[in-house]
Amino acid sequence: MFPLDEIDNIFEAAARSRVFKNREVLLPDYVPLELPHREAEIKRLAEVVAPALRGERPSNAFIYGLTGTGKTAVTKYVLRRLEELAKARGSSVSWIYVNVRQRETPYKVLADMGEQLGLRVPFTGLSIGELFSRIVKRLSKLEGVYIVVLDEIDFLVRKGDDVLYDLTRINEHLPRAKVSLIGITNSVKLVDSLDPRVKSSLGEEQLVFSPYNAEQLKDILSRRASMAFNEGALEEGVIPLVAALAAREHGDARRALDMLRVAGEIAEREGADRVSEDHVYRARQEIERDKASDVIRTLPLHSKLILAAILKASLTSPEGRATTGEIYDAYRQLASSLGLEEVTLRRVSGVLGELDMLGIISSRVISRGRYGKTRVVELAVSPDTVIGSLSEDPTVGSMVQSMSTKGLTGKRGRATS
DNA sequence: CATCCACCGGAAATAGGGGGGC
DNA sequence: GCCCCCCTATTTCCGGTGGATG
């Protein structure tokens, strides 16, 4: 028998990282104790929600800014503080945070809200209306101020949605409790597509978050890095590099912190004791690849097939591009070789649009005059990534693998420029 | 300069699998 | 059990449309 304490020693040694002191502070959901370069936004939001301390309903607010500009972090930061303060003064203020992108459908958003209010909600079966009135019923037994944060609210807006509208009017049903809403989005366009009634209600206050510049990113990164990494674990150029790369991608601080964390993880995996610029470059690649793989793996069957068709069509074309028609032909071949029913051209066109949104392909519609209007598609991720992710699928996997050899020879055959 | 290709992309409807309340 | 609901992927229907061609 191996002595227990020796096992412990092994774990202990492995657990003690050479580069990381506290890796968690680089994770996306970590809210730091201070949010540098967002002082003005914090102040604005604090002013907006402050009336809650007097038991008044704060104005609804609309927060807009690109991804990674601190919208979520600032909101959580301010509301946490507000709640603490309220508790200390004996007034009742609570907040509910729902990420609409993760909850996607109106039903799930309401279900999430309901659960946070202590309701037991079946994951399906109820009508939206029923669910809504249960929430109202629950809230009408309560008192105090409730601030509901709907993050990435874009996904709730899709045409003719009354849930948002109903939420803005929920106070009419409540005798004592007061609800105010904070909507967070990263698309300016959203504001226009909003139901005008919702727009005016939600837009009682509007906050705009501007992207961080490279200097600010550098500052944010070094503060965070000093908590996350051991002394001297970062080579000189690492932080400026990460900041520069992220600044180029519209100042996304989350992306920057991710890059830093993954660079650290790569360094650690390799047993290096310092994180180098090379680790950063590789981290950036790895992040892109993982993101794409995750998306591809969870695609529905026919979307995978269509992606395989794109792969096939683009690898056999000299430019690496393919049109909708070509993709459809390739798709039909693949489908019939697997003995599967085919989806229509309209659907393929729709899937192409989805894949574009997901960043797996990039495409634009062009007119070839006499020869019609079509969409030209090219892969936005490396063929190897696509092949790798698709081959895990039980249905299309083997087919993609056999295609990969042919495809890659085809690719090798063409000019490398 | 009208024509006409090869699709685009909106809207509505359906299928069919998940489940309620009563 | 009955009737209703939600959700996703898809079909059906169909009115556009940029620009090379004749």
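In what follows, every chain begins at residue 1, and chains take the letters A, B, ... in the order their sequences are listed.
- Checked against the 6.0 Å centroid threshold, A:F20 and A:F229 count as a close aromatic pair.
- Under 3.5 Å, the side chains of A:R81 and A:Y77 contain no donor-acceptor pair of N or O atoms.
- Regarding A:L345, its CG atom lies at a distance of 14 Å from the C1' atom of C:dC13, rounded to whole Å.
- Atom CZ in A:R103 sits about 18 Å away from atom P in C:dC6, given to the nearest Å.
- Between A:W95 and A:Y97, the angle of the ring planes goes over 60°, which puts this pair in the perpendicular group of the 30/60° scheme.
- For the 3.5 Å distance criterion, the side chains of A:S201 and A:N60 qualify, holding a donor opposite an acceptor.
- If you take CG of A:L305 and C1' of C:dT10, they are 15 Å apart, rounded to a whole angstrom.
- Between A:D258 and A:R254 there is no salt bridge, since no side-chain nitrogen of the basic residue lies less than 4.0 Å from a carboxylate oxygen of the acidic one.
- The pair A:K43-A:E39 does not count as a salt bridge, with every side-chain nitrogen at least 4.0 angstrom from each carboxylate oxygen.
- One atom, OH of A:Y371, and another, P of B:dC8, lie 19 Å apart when rounded to the nearest Å.
- A donor atom on one side chain and an acceptor atom on the other are found under 3.5 Å apart for A:Q116 and A:D112.
- Listed by residue number, A:P122, A:F123, A:T124, A:G125, A:L126 are the residues of residues 114-130 of chain A with a heavy-atom contact under 4.0 Å to DNA chain B.
- For A:T324 and B:dC8, the shortest distance from a side-chain N or O to OP1 or OP2 is below 4.0 Å.
- Under a cutoff of 6.0 Å and an axis angle of 45°, A:R38 and A:Y212 form a cation-pi pair.
- Distance, A:K108 NZ to B:dG19 C1': 13 Å, rounded to whole Å.
- For the helix from B:dC1-C:dG22 to B:dC22-C:dG1, the end axes, each set by the C1' atoms of five terminal pairs, are bent relative to each other by 20° (nearest 10°).
- We find that CZ of A:R346 is positioned 13 Å from C1' of C:dG16, with the value rounded to whole Å.
- Contacts between residues 350-370 of chain A and DNA chain C, defined by a heavy-atom separation below 4.0 Å, involve A:S367, A:G369, A:R370, listed by number.
- The only option from A:I182, A:L167, A:I96, A:I184 that meets the side chain to side chain contact (heavy atoms under 4.5 Å, CB included) definition with A:L150 turns out to be A:L167.
- Between A:E83 and A:K87 there is no salt bridge, since none of the side-chain N atoms of the basic residue sits less than 4.0 Å from a carboxylate O of the acidic one.
- Counting only heavy atoms from C-beta on, A:R347 has its side chain closest to C:dT11 among C:dT8, B:dC8, C:dT11.
- Using a 4.0 Å heavy-atom distance criterion, A:E341 is classed as making no nucleic acid contact.
- Atom CD1 in A:I327 sits about 16 Å away from atom P in B:dA6, given to the nearest Å.
- Without hydrogens or angle criteria, A:R224 side chain to A:V25 main chain gives a donor-acceptor distance under 3.5 Å.
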